[in-house]
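Encoded as structure tokens, the structure appears first; notes follow it.
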Number of protein chains: 2
Amino acid sequence: MITLDPGNISDYISDSEVEESLPGAIRALDSLVNRKGRGSEMLGWLDLPSVPAESTGRLEEEGERVREECDCLVVTGIGGSYLGARAAIEALCEEAEFPVYFAGNNLSSLYHSRLLHKLQDRRFAVCVISKSGTTTETAIAFRLLKELIREQDDPRSSERIIAITDPRKGALRKLAEEIGITVFDIPRDVGGRFSILSPVGLLPCAVAGIPVEEMLEGAADALEEYTRKADSNIMLLYALTRHLLQAKGIAVEVLSTFQPEMNQFCEWWKQLAGESEGKEGGGLFPASTVMTTDLHSLGQLLQEGRRNILETFLISNKPCRELIVPEEEENLDNLNYLAGKSLGQINRKAYEGTRDAHISGKIPVLSLEIPSITPRAMGELFIFFELAVSVSGRMAGINPFDQPGVEEYKKRMFRLLEKPGV
Amino acid sequence: MITLDPGNISDYISDSEVEESLPGAIRALDSLVNRKGRGSEMLGWLDLPSVPAESTGRLEEEGERVREECDCLVVTGIGGSYLGARAAIEALCEEAEFPVYFAGNNLSSLYHSRLLHKLQDRRFAVCVISKSGTTTETAIAFRLLKELIREQDDPRSSERIIAITDPRKGALRKLAEEIGITVFDIPRDVGGRFSILSPVGLLPCAVAGIPVEEMLEGAADALEEYTRKADSNIMLLYALTRHLLQAKGIAVEVLSTFQPEMNQFCEWWKQLAGESEGKEGGGLFPASTVMTTDLHSLGQLLQEGRRNILETFLISNKPCRELIVPEEEENLDNLNYLAGKSLGQINRKAYEGTRDAHISGKIPVLSLEIPSITPRAMGELFIFFELAVSVSGRMAGINPFDQPGVEEYKKRMFRLLEKPGV
């Protein structure tokens with residue numbers, strides 16, 4: 001399971017402050033578990049870890065079919081309709097095994113023409129993900145991909161499209177009924193950023209070869225562990241720390257990983273935190289760093305800049321072929337003291353050195369650690385953070401499950417594009 | 001040239017405030033031009049755009065040689081020793097043309113073993129970049145790459161290594177002298193984050209096929225334009241805006257692009273801004289978004305979250321084969337109103353809609369726009385931002401050209417790794 005190292009948090013939040021606000025955190029958690037409070041109609045994500053085995057089986061079968069019949073997968077979706085899958089796939093999969101590409105998450109010609117070029121001569125599958133089926137970015141990319149499939153003149157082309165959409169209505173549901181493509185449901189009570197453990201996240205993962213059953217098991221265990229009310233509940237401690245530090249002037253939370261393959265997980269987290277809490281004039285600005293890369297970029301500011309940052313280290317390891325620093329007789333670079341050591345060992349010391357440096361630089365730091373990056377652990381992390389932002393959001397008195405502000409740019413864009421009826 | 005759209009800045013900074021602080025901005029600029037003030041020993045970057053033609057010629061010849069003799073390039077460096085080159089190459093080059101990889105910018109076994117695997121059977125060139133030659137991350141990756149070259153048993157292996165390092169001393173200089181590899185100088189009065197227009201950035205660009213002469217021409221024009229003291233100097237207006245907004249409680253500056261290929265440019269900018277200004281308890285936290293992707297992630301928070309953000313749009317276009325939205329008879333997705341329109345046109349409207357939405361959401365926004373992403377324009381942007389952070393850093397009274405805080409994690413890491421003499 002995840003462990004929490006509270007770092008120097010006690011320098012910023014006293015024991016009595018924790019004690020005083022713990023009941024509030026527990027109340028927030030209770031309201032979630034009992035499906036009450038603002039936004040409680042969107043709490044279906046709490047049921048996802050215990051999805052029946054036959055549903056998982058169907059996902060895994062479909063995954064296997066696609067792997068057998070196609071060369072690669074194009075996940076077509078934006079925001080919550082791709083970030084979770086991408087996070088899990090980058091963390092867990094080897095690029096070479098079964099390539100997964102992402103389309104429809106921007107409006108760039110260059111991006112999409114490069115992708116279409118790559119797909120030209122391949123039997124690619126498309127997993128199109130959109131509740132309504134009319135999300136602009138996704139629908140545009142889907143049209144382009146369908147056009148390419150038509151050009152490829154494949155008699156079994158409809159077998160290459162999988163739709164994940166609303167259980168009853170919308171453009172994709174209609175298309176599925178008309179041309180008979182495979183379709184999976186997005187539960188109506190699950191918002192995009194909480195959908196990784198629904199078919200939205202699980203189907204792409206299954207195609208990529210991730211044992212989704214294990215991911216769900218990890219999530220189920222985490223759900224049990226982190227909905228306990230004991231004061232050793234580290235999810236509550238993390239949620240409460242974020243909440244209290246905000247009141248003390250912290251403006252930015254930086255999620256720092258030392259594993260580049262966790263970069264996309266940080267992107268998933270940024271949506272989760274930013275979209276859940278960035279409303280009614282509140283919310284921490286979520287940022288992320290990949291170390292040690294960014295120690296040579298944002299390191300100076302983290303060490304000595306404005307003290308308005310909470311740094312949350314997300315520490316993990318990934319079992320892989322370890323590289324060993326070679327010995328060199330000449331030792332011009334003075335590196336022989338590391339010869340025979342693995343990069344993993346050195347990276348670990350870099351983390352410890354960084355944590356200590358940032359503590360001495362007087363920014364609040366805490367660490368969340370998993371023993372290794374596995375499907376189980378990813379499931380745990382997804383639930384851990386989903387619960388944590390829900391609790392701190394509830395403590396702040398906002399609805400963590402809506403996103404009214406996202407419509408604003410769309411409204412104006414539609415008007416500028418002269419969309420009929422807008 | 002770059003144009004500045006001041007957006008809604010006048011809602012946050014009055015004309016009289018601009019007038020009052022303009023003399024300070026001009027003084028800061030003067031101090032740079034006259035090579036005075038804190039950190040003036042590190043102002044060599046102001047000379048880089050006017051580097052003599054024979055130097056550029058040597059870079060371009062070397063670039064051509066590497067392209068002819070090798071399959072790909074591995075740029076080995078961290079921080080300022082790779083971010084600028086990577087920014088230019090991602091913005092300007094086609095992946096397929098001549099692959100450029102990056103090593104030594106982290107301590108990940110997984111990252112480096114994947115890279116080494118990819119290089120196994122290829123005649124790769126290594127461009128190793130480090131002033132001292134003993135930067136831990138870079139030196140480790142360089143040892144691993146040298147080991148692979150030895151295993152490949154290439155009689156002309158030394159021709160595959162190019163060092164960019166201190167003009168007189170250090171491990172790489174020594175190595176170059178001993179085994180006779182090609183070597184280029186890092187000017188002693190240029191810091192890492194200001195080194196893109198030195199061989200540090202230009203050599204990798206030349207290998208990648210970018211006409212570096214054009215990039216330097218753009219930089220030279222920008223240097224002339226933005227060191228003029230007129231109050232129409234948009235660099236001064238941008239620098240001054242950042243400075244004044246900080247005093248008014250703005251904590252985060254978000255650089256927002258609508259072109260995914262500019263993502264690495266934003267990473268270059270984050271180091272430039274964060275490392276130059278994040279000191280003595282000050283500095284804006286630099287973050288970036290790639291739109292429309294992040295409108296479905298950070299969009300909610302930008303629209304309705306805490307009002308402590310300055311958003312700087314970096315608007316550009318890239319001449320490329322434009323994709324056109326296809327017509328579909330059924331029009332299930334209601335997208336036919338866009339049929340025949342190019343993605344570029346739609347993306348532009350997305351930007352305009354977003355800017356208007358964020359203005360209505362009451363965050364200060366301004367836009368910097370270049371007509372298209374060319375080598376010239378990239379040169380302009382590099383100088384524009386280098387000057388701007390130097391001016392706003394000088395206005396804040398700090399030394400924008402040092403980075404004392406970066407040593408802190410290293411010291412502690414070395415101690416934990418039991419480095420001799422530490």
Side-chain angles (χ1 to χ4, degrees), chain A residues 78-79 105-111 113 134 139 143 147 171 174-175 251-252 260 271 274-275 278-279 283 285 287 292-293 296-301 303-305 320-323 326 332-335 337 343-344 346-347 349-350 353-354 356-357 403 405-406 408-409 412-413 416-417 419-420, chain B residues 78-79 105-111 113 134 139 143 147 171 174-175 251-252 260 271 274-275 278-279 283 285 287 292-293 295-301 303-305 320-323 326 332-335 337 343-344 346-347 349-350 353-354 356-357 403 405-406 408-409 412-413 416-417 419:
Chain A
I78 192 165
N105 58 60
N106 63 55
L107 291 164
S108 163
S109 266
L110 186 67
Y111 180 94
S113 56
T134 58
R143 281 200 178 190
E147 198 182 37
K174 229 176 182 171
L175 182 77
V252 179
Q271 184 199 17
E275 213 167 79
K279 53 192 70 160
F285 187 92
T292 58
T293 306
H296 294 249
S297 158
L298 294 174
Q300 166 64 38
L301 179 140
Q303 192 69 43
E304 300 185 340
C320 70
R321 188 173 70 87
E322 261 297 354
L323 292 174
L332 286 173
D333 55 10
N334 289 323
L335 215 65
Y337 79 102
L343 265 67
I346 301 168
N347 206 13
K349 297 298 178 200
T354 303
D356 295 352
Q403 53 285 329
V406 178
E408 293 302 317
Y409 96 90
R412 286 169 180 81
M413 177 178 74
L416 291 166
L417 288 168
K419 182 173 180 171
Chain B
I78 192 165
N105 59 60
N106 63 54
L107 291 164
S108 162
S109 266
L110 186 68
Y111 179 94
S113 56
T134 58
R143 280 199 177 191
E147 199 182 36
K174 230 176 179 170
L175 182 77
V252 179
Q271 183 199 18
E275 213 168 76
K279 52 192 70 161
F285 187 92
T292 59
T293 306
L295 288 168
H296 294 248
S297 159
L298 294 174
Q300 166 63 38
L301 178 139
Q303 192 68 44
E304 301 184 339
C320 69
R321 187 173 72 86
E322 261 297 355
L323 293 174
L332 286 175
D333 55 11
N334 289 324
L335 215 65
Y337 80 101
L343 265 68
I346 302 168
N347 206 14
K349 297 299 178 200
T354 303
D356 295 352
Q403 53 285 327
V406 178
E408 293 302 316
Y409 96 91
R412 286 168 180 81
M413 176 178 74
L416 291 166
L417 288 167
K419 183 173 180 171

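Every chain is numbered from 1 and lettered A, B, ... according to where its sequence line falls, protein lines coming before strand lines.
For a residue to count as touching a neighbouring chain, one of its non-hydrogen atoms must lie under 4.5 Å from one of that chain's; by this rule L298(A) touches chain B with the side chain only. When heavy atoms are compared at a cutoff of 4.5 Å, Q303(A) approaches chain B solely by way of its side chain, counted from C-beta outward. In this structure, the portion of Y111(A) lying under 4.5 Å from any heavy atom of chain B is its side chain and not its backbone. Of the atoms belonging to V252(B), it is side-chain heavy atoms, and not backbone ones, that fall under 4.5 Å from chain A.
At distances below 3.5 Å, at least one donor-acceptor pair connects side-chain atoms of Q300(B) with backbone N or O atoms of G278(A).
Of the listed residues (G274(A), S109(A), G344(A), A357(A)), the greatest number of heavy-atom pairs within a distance under 4.5 Å of chain B belongs to S109(A). Chain B forms the most heavy-atom pairs under 4.5 Å with one residue out of I346(A), L175(A), N334(A), and that residue is I346(A). For chain A, the option among K279(B), Q403(B), K174(B) with the highest count of heavy-atom pairs below 4.5 Å is K279(B). Annotation: maximal heavy-atom pairing with chain B below 4.5 Å, among L416(A), V406(A), L335(A), occurs at L335(A). The candidate with the highest count of non-hydrogen atom pairs below 4.5 Å against chain B, out of E322(A), M413(A), E408(A), R412(A), is R412(A). The candidate with the highest count of non-hydrogen atom pairs below 4.5 Å against chain B, out of G405(A), G79(A), P420(A), is G405(A). When each of N105(A), L301(A), T134(A) is scored by its heavy-atom pairs under 4.5 Å with chain B, the top score falls to L301(A). When K349(B), H296(B), Q271(B) are compared by the number of non-hydrogen pairs under 4.5 Å with chain A, H296(B) comes out ahead. For the set P260(B), S297(B), G299(B), S113(B), the count of heavy-atom pairs under 4.5 angstrom toward chain A peaks at S297(B).
Taking the charged nitrogens against the carboxylate oxygens, E147(A) and R143(A) have no contact shorter than 4.0 Å, which rules out a salt bridge.
Atoms CG and OG1, on L107(B) and T292(A) in that order, are 4.0 Å from each other to the nearest 0.5 Å.
Heavy-atom minimum distance, T293(B) versus N106(A): OG1-CB, 3.6 Å.
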